[in-house]
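What you see below is based on every heavy atom in this structure, not just the backbone, and it leaves out hydrogens, waters and symmetry mates. Order of the sequence lines sets the chain letters (A, B, ...), proteins ahead of strands, with each chain counted from 1.
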Amino acid sequence: MIIHVTDQAGENHELEGLEGWRVMEVIRDWGLNIKAECGGAMSCATCHVYVDKEWLDVVGAPSDEEEDMLDSVGDVRSNSRLCCQILCSDAIDGLKVTLAPSAAKD
Amino acid sequence: MTTEITTDVVVIGAGPCGLFAAFELGLLDLKCHFIDILDRPGGQCAELYPEKPIYDIPGFPVVTGQQLTENLMAQIAPFAPEFHFNRMINTIEKQADGSFKLSTDADEVFHAKVVVIAAGGGSFQPKRPPVDGIEAFENTSVFYSVRKMDDFRGQDVVIVGGGDSALDWTLNLQPIVRSLTLVHRRAVFKAAPASVNKMQELVGEGKINFLTGQIAKLDGENGQINHVHLTTDAGDLSVPATRLLPFFGLTMKLGPVADWGLELNDNTIVVDTEKFETSVPGIFAIGDINYYPGKLKLILSGFHEAALMAQAAKKIVSPDERVVFQYTTSSTKLQKKLGVA
C-alpha cells in the first residue's frame, strides 16, 4: 500500500505503508520532517497532518481526545488529523496527506 | 544572591533514566543533585503520558508512567538525592581541576566532579505557534508565561488557547488590563468547567471578548505588536493588541545543551558504549538524549547506560578508591546503604 505525503516544503513523497503501522510511524521511518515527540501516545500534536479532502470520509473524524490534543497547535483546519491515529490498511491505500507546519522538527 | 552548591554529581533531567542513575551512583556512595525544567520528577513519563501503560519495563508486565516514576522515587529514596525543579542549566564550564561549574537560570551555581545529562528529548518549553515572524516579538510583547502581572497592566491583551493556563490567565489578568480577547479554535474548552463558566460570565458582562479562531499574522515593529490578525469562521479579523499570550502547551527542545561544546548527532549527544561518556570527559549522557551505533530509545536501555556510567563516574570522583563490584542480593554493605540490613 502507498501513502502520498506532501512535506512542509511542498515536496511530494510516495511512501510504502505497512499493514498495522500507524501513518505517523511510516512518515517518521522514511525520515520526513515530523517531530512525533510522544511516539503515538496521543499526548502531543506533533504528527499533525491535513488529510486530502477526497480521503476524509475514509479516514473518519478525529476522536474527542484527538480534538483536545489539536487544541495545542495553532494551524488547525477542518481536515486536520493526528496521523498517529490513522492505521495503515488496504482501505487507505493511496491516502494523501500534507504535513502541517506544527508537525515540523525544530 | 547566587546560591552555591557543591556535590559529586549533577544529573540534568529527572526522568526515569536520570532517576535510576541516582540509584546506581548511590550504591557507589556518590551524591546527586537533580535539575529539571518541569515542576516534578518523571520527565516525559510525567509530562507526556502519566496515565499511559508501558509494557516493556523488565519485570513489569504493565506499569503507567506515573507508577514507574513513583517506584523509582521510592527506590532512590535511601540515597536522598536533592531536586531542583523549574530551572534550566544555562552554562557548563570545565574548571582547571577538572570539575564543572554549572549555572542555572534561577541564579544558582553548582560545582560537581561529574555531570550526567539525562535530558530525554531536551527540555520542555512552551510551544511556539506557527506564525511567521513571531520570534521578533518574543519577550517584548509576546510571552509564553506571565512572570510579572504588571507587564500586562493597562495593556490590550490577546490570550490564545483553551486549556487551564489560557483560562486562568484570562481570569487573573482581566481586572488589570485595558482590554482582553480570548481566542480559541473552537468553543469547547479543556480547562476546568468553573473557569470556563466564569470566563463566559465576563463575556456576558462585556468585560472581555471571546473569539473562535486562530492567529494568522502579527503586525508591529521593534518587538512591539500592535495588531493580531485572526482567521475565524466568520472571516478574517484584526484585533488591536499590545500583548499576546499563546498557551499551546509544551514541546521538547534541545535547548542550551547544543551550546555546551559536545559532539552531537541530529539533536542527540554522541557517547561511547563503555562509559556513556560524551566528547567532554566527565560529562556523561544517558537515555533518549544520547546516540551510539545501535541506540534504541527505550527506558530499559537508559537503565543499563546508567549502571555503566556510574562505574566510570566513581573512578572520576574517587580515583584512588578500589571499587569492588557487588550485588544488592548478597552484599551487606550495599544492603546497609539501602537501609534494609
Counting only heavy atoms not in B:N197 (residues, nucleotides, ligands), do more than 12 fall under 6.0 Å from its CG?
yes
To the nearest 0.5 Å, what is the distance between CZ on A:R77 and OG1 on B:T231?
10.0 Å
Side chain / backbone / both / neither for B:R128 at chain A, heavy atoms under 4.5 Å
neither
Measure B:T251 against the heavy atoms of chain A and call it side chain, backbone, both or neither at under 4.5 Å.
both
Greatest number of heavy atom pairs closer than 4.5 Å to chain A - which of B:P130, B:A216, B:G161
B:P130
Looking at A:D57, I want to see if its CG is surrounded by more than 12 non-hydrogen atoms of other residues, nucleotides or ligands under 6.0 Å.
no
Most heavy-atom pairs under 4.5 angstrom with chain B, which of A:A45, A:G74, A:A100?
A:G74
Of the listed A:C44, A:A41, A:P101, the one with the largest count of heavy-atom pairs under 4.5 Å with chain B is A:A41
Classify the side-chain pair A:S72/B:K127 by whether it contains a donor and acceptor separated by less than 3.5 Å.
yes
In terms of heavy-atom pairs under 4.5 Å, which option from B:R185, B:K190, B:K297 contacts chain A the most?
B:R185
Would one find more than 12 heavy atoms of other residues, nucleotides or ligands at under 6.0 Å from atom CD of B:E138?
yes
Heavy-atom closest pair (A:K35 atom, B:M252 atom, distance to 0.1 Å) is NZ-O, 2.6 Å
Who among B:R186, B:H184, B:K253 has the most heavy-atom pairs with chain A under 4.5 Å?
B:R186
Taking atom NZ as the centre, does B:K198 end up with more than 12 heavy-atom neighbours from other residues, nucleotides or ligands that are less than 6.0 angstrom away?
no
First locate atom OG of A:S43, then atom CD of B:E51, and finally report the distance between them rounded to the nearest 0.5 Å.
10.0 Å
